[in-house]
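Counting convention: from 1, in listed order, for ligands and their atoms alike.
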Amino acid sequence: MVDTHVEIADIEALDRDCMTLSRHVLQQLHSFSADAQDLSALMNRIALAGKIVSRRLSRSGLLENALGFTGTVNVQGESVKKMDVYANDVFISVFKQSGLVCRLASEEMEKPYYIPENCPIGRHTLIYDPIDGSSNLDTNLNVGSIFAIRQQEGMDIDGTAADLLANGRKQMAAGYILYGPSTMLVYSIGTGVHAFTLDPSLGEFILSRENVETPAHGAIYSVNEGNFWQWEESMREYIRYVHRHEGHTARYGGALVGDFHRILFQGGVFLYPGTVKKPEGKLRLLYESAPLAFLIEQAGGRASTGTQEIMDVVPDKLHARTPLIIGSKDDVALVESFAQKGAAASV
Ligand code: F6P
């Protein structure tokens with residue numbers, strides 16, 4: 001007699017193993033049109049970049065020249081790490097001769113990078129932060145890559161192109177790769193948020209969670225409280241509020257992708273507010289805040305500067321920064337209520 005349980009379990013496992021990223025994108029779009037194929041191919045290339053970076057990270061402690069600083073400073077004024085350069089170049093390499101992307105804009109590069117051979121047909125711009133949270137690299141803690149895809153508009157090569165200096169609603173897709181205990185790719189093309197886990201034995205990202213929904217409220221607040229005395233009084237008031245009320249717990253890993261991933265799945269709020277001296281904060285709109293805002297909105301949460309939706313902010317330059325309050329909608333609203341009282345008091 002046939003043991004049907006085993007067979008059903010086998011079939012389920014097989015179905016799961018077959019749900020690769022490129023297949024999932026096509027399924028989400030309900031189409032095999034040229035545009036759908038392009039988006040699927042784009043996601044596939046991003047996944048390839050993630051696999052290459054993940055492979056190097058997993059052996060970085062054993063390799064010469066994988067960790068540590070290059071001795072140079074990037075456009076953000078930050079010391080560049082060897083992994084930043086490596087990952088930045090990986091993304092460029094995987095898109096060369098792809099025919100998919102004419103322009104790449106990276107947090108690590110002062111100006112966008114053009115791939116002229118792709119330009120006649122590549123109708124998209126890839127925006128990315130190759131390694132986010134690189135202070136975690138030298139201690140073998142989680143880091144991530146963040147990406148967004150926009151329809152290309154204009155050909156300006158100095159970083160003033162219309163698709164770059166536009167708000168987050170121009171993003172067609174966004175996501176991140178989390179290099180943690182396992183490597184995960186989380187993405188949205190505007191049809192919900194979907195999470196894939198890299199199966200090293202297959203070398204493929206396999207669907208592990210479909211339609212992620214961020215709870216309306218969560219216990220976690222995630223912020224670098226070391227900046228307490230640099231903030232406006234309104235942010236200090238918010239922190240005093242969570243200290244005085246039960247039901248809040250702090251979690252901060254110092255790398256945005258990991259901190260955001262926890263909030264996306266479990267709820268709560270991540271914040272990186274501006275300071276009195278730097279009201280624009282630290283995080284970059286195009287490479288960090290806007291892609292994650294796209295995801296959190298798709299998962300039912302919110303992202304705000306404190307006074308404006310992140311998705312509505314138009315950058316005045318390629319490397320513009322914004323304060324970021326992101327997560328469960330009720331928790332973002334609570335932080336905003338403090339921020340807005342502060343803004344009202346200062347006029
Ligand atoms: O923008 C880079 C980044 O490393 C983020 O990944 C992270 O959230 C933040 O900076 C950490 O900054 P800090 O060390 O000031 O808390």
Side-chain angles (χ1 to χ4, degrees), residues 50 53 57 67-70 73-85 87-88 105-110 127-148 174-180 183-184 186 220-232 235-236 238-239 250-264 268-293 295-296 303-306 310 313 315 317-327 332 335:
V53 172
L57 283 171
L67 298 178
F69 292 96
T70 60
V73 170
N74 67 10
V75 56
Q76 323 286 345
E78 298 159 347
S79 297
V80 176
K81 295 206 156 170
K82 291 173 186 165
M83 267 313 294
D84 291 323
V85 176
N88 192 57
S106 157
E107 201 214 60
E108 291 299 327
M109 300 187 290
E110 191 178 349
I127 300 173
Y128 67 110
D129 182 357
I131 296 282
D132 189 77
S134 43
S135 72
N136 274 7
L137 280 170
D138 295 328
T139 46
N140 191 33
L141 292 170
N142 67 282
V143 290
S145 303
I146 307 175
F147 60 87
Y176 59 82
I177 302 157
L178 171 63
Y179 310 102
T183 297
M184 290 188 75
V186 177
I220 294 166
Y221 72 101
S222 185
V223 62
N224 185 346
E225 285 194 54
N227 294 331
F228 189 87
W229 290 109
Q230 322 301 322
W231 295 329
E232 295 284 353
M235 277 304 109
R236 297 203 285 262
Y238 165 72
I239 294 297
R251 291 284 184 276
Y252 190 71
L256 179 59
V257 172
D259 285 327
F260 174 76
H261 185 75
R262 182 178 358 236
I263 300 287
L264 179 74
V269 65
F270 172 93
L271 52 150
Y272 208 110
T275 59
V276 173
K277 282 193 189 148
K278 279 185 72 182
E280 70 281 14
K282 177 180 186 187
L283 302 178
R284 266 62 47 137
L285 178 61
L286 284 173
Y287 317 102
E288 295 172 309
S289 308
L292 300 187
L295 288 175
I296 203 80
S304 164
T305 63
I310 289 285
V313 181
K317 54 179 187 282
L318 199 55
H319 296 284
R321 298 171 194 258
T322 46
L324 177 65
I325 302 161
I326 190 164
V332 170
V335 184

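Contacts between Val257 and ligand 1, counted as non-hydrogen atom pairs separated by less than 4.0 Å, are absent for every part of the residue. Counting heavy atoms closer than 4.0 Å to ligand 1, residue Asn224 contributes side-chain atoms (C-beta onward) but none from N, CA, C or O.
Exactly one of Lys82, Lys81, Met83, Glu108 qualifies for a side-chain contact (heavy atoms from CB on, under 4.5 Å) with Ser134. That residue is Lys81. Among Val335, Asp259, Ile326, the single residue meeting the side-chain contact (heavy atoms from CB on, under 4.5 Å) criterion with Leu271 is Val335.
Close approach of ligand 1 to Gly133 is summarised as follows: ligand atoms under 4.0 Å from at least one heavy atom of the residue are 4 (O), 6 (O). Under a 4.0 Å criterion applied to the non-hydrogen atoms of Leu283, ligand 1 contributes the atoms 1 (O). Every atom of ligand 1 is numbered from 1 in the order shown, and the set under 4.0 Å from a heavy atom of Asp132 is 1 (O), 2 (C), 5 (C), 6 (O). Proximity to Lys282 (heavy-atom distance under 4.0 Å) selects the following atoms of ligand 1: 9 (C), 10 (O), 11 (C), 12 (O), 13 (P), 14 (O), 15 (O). Within ligand 1, the atoms closer than 4.0 Å to a non-hydrogen atom of Arg284 are 1 (O), 2 (C), numbered from 1 in the order shown.
Atom 2 (C) of ligand 1 has Glu288 OE2, 3.5 Å as its closest protein atom, hydrogens excluded (heavy atom only). Nearest protein heavy-atom contact of atom 16 (O) of ligand 1 is Tyr252 OH, 2.5 Å.
Looking at Tyr272 next to ligand 1, an N or O pair under 3.5 Å apart turns up. Looking at ligand 1, you'll find an N or O of Leu256 within less than 3.5 Å of one of its N or O atoms.
The pair Arg284-Glu78 meets the salt-bridge criterion, since a charged nitrogen lies less than 4.0 angstrom from a carboxylate oxygen.
The minimum heavy-atom distance between Asp132 and Asp129, with the atom names listed, is OD1-OD2, 2.6 Å.
The shortest separation from a heavy atom of Ala255 to ligand 1 is under 4.0 Å, placing the residue in contact.
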(Q) As a quick check of understanding, evaluate side chain to side chain contact (heavy atoms under 4.5 Å, CB included) for Met184 and Tyr176, giving each step before the final call. (A) CA-CA 8 Å; Met184 290 188 75; Tyr176 59 82; 5.9 Å; no

